[in-house]
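Down below is the structure, laid out as structure tokens.
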Amino acid sequence: DKTILIFHAEMKKVLKPVEYRIYDLLFIQNLSEEEAAEIMGYHTSESRKAGYNNFIRTKKAILAKAHKIKNEIDLF
């Protein structure tokens, strides 16, 4: 779908390389958080999921930027 491709291109422009890699894994390849965190090498010595704090912080930053792009661009 053309709209999705435009959105992905805009996301690539605004995200840092690490953020875009996580965006790609979660929202383009549709991997779970655990799978994406493992691929990215996130891990923790606590009993939480792999790289929980850093990974979740990055995901929140990605979502905030996605909402901003959605509101700025007329996609539909």
Side-chain angles (χ1 to χ4, degrees):
D1 183 59
K2 183 179 176 183
T3 304
I4 293 170
L5 295 176
I6 292 169
F7 185 78
H8 290 325
E10 290 298 318
M11 288 299 288
K12 190 167 189 170
K13 290 179 188 177
V14 299
L15 294 175
K16 298 173 186 173
V18 172
E19 290 175 335
Y20 187 76
R21 179 72 174 133
I22 293 173
Y23 172 80
D24 177 62
L25 293 170
L26 291 175
F27 303 110
I28 297 174
Q29 296 182 36
N30 294 316
L31 298 179
S32 69
E33 287 184 8
E34 292 82 11
E35 292 169 321
E38 184 177 328
I39 289 170
M40 294 295 295
Y42 288 100
H43 57 280
T44 181
S45 59
E46 300 174 18
S47 61
R48 296 183 188 171
K49 297 175 186 171
Y52 179 81
N53 289 330
N54 195 18
F55 190 83
I56 295 302
R57 240 188 333 268
T58 304
K59 182 181 174 186
K60 285 181 182 180
I62 292 168
L63 292 174
K65 291 176 184 181
H67 285 292
K68 184 176 179 183
I69 288 173
K70 179 186 71 75
N71 292 333
E72 290 177 354
I73 300 174
D74 183 21
L75 294 173
F76 302 102

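- Applying the side-chain contact (heavy atoms from CB on, under 4.5 Å) test to D1 and every residue at least two apart in sequence or in another chain returns T3, I4.
- Partners of K13 by salt bridge (Lys or Arg N to Asp or Glu O under 4.0 Å), not counting sequence neighbours, listed by chain and number: E10.
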Show the atom names and distances, to 0.1 Å, of all donor-acceptor pairs under 3.5 Å that link a side chain in residues 60-68 to residues at least two apart or in another chain.
residue : atom : partner : partner atom : Å
K65     : NZ   : E19     : OE1          : 2.8
K65     : NZ   : E19     : OE2          : 3.4

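- Taking CD of E38 as the start and CG of L25 as the end, the distance is 11.5 Å to the nearest 0.5 Å.
- The side-chain heavy atoms of K59 and F27, taken from C-beta on, include a pair separated by under 4.5 Å.
- Contact detail for I56 and E33: the closest heavy-atom pair is CD1-OE1, 3.5 Å.
- Here CD1 of I69 is found 6.5 Å from CG of L15. Values are rounded to the nearest 0.5 Å.
- Side-chain contact between V18 and R21 is absent, with no heavy atoms from C-beta onward closer than 4.5 Å.
- Note: I22 CD1 to I28 CD1 = 13.0 Å, rounded to the nearest 0.5 Å.
- E35 pairs by the side-chain contact (heavy atoms from CB on, under 4.5 Å) definition with L31, S32, not counting sequence neighbours.
- Between Y23 and H8, the distance separating the two ring centers is shorter than 6.0 angstrom.
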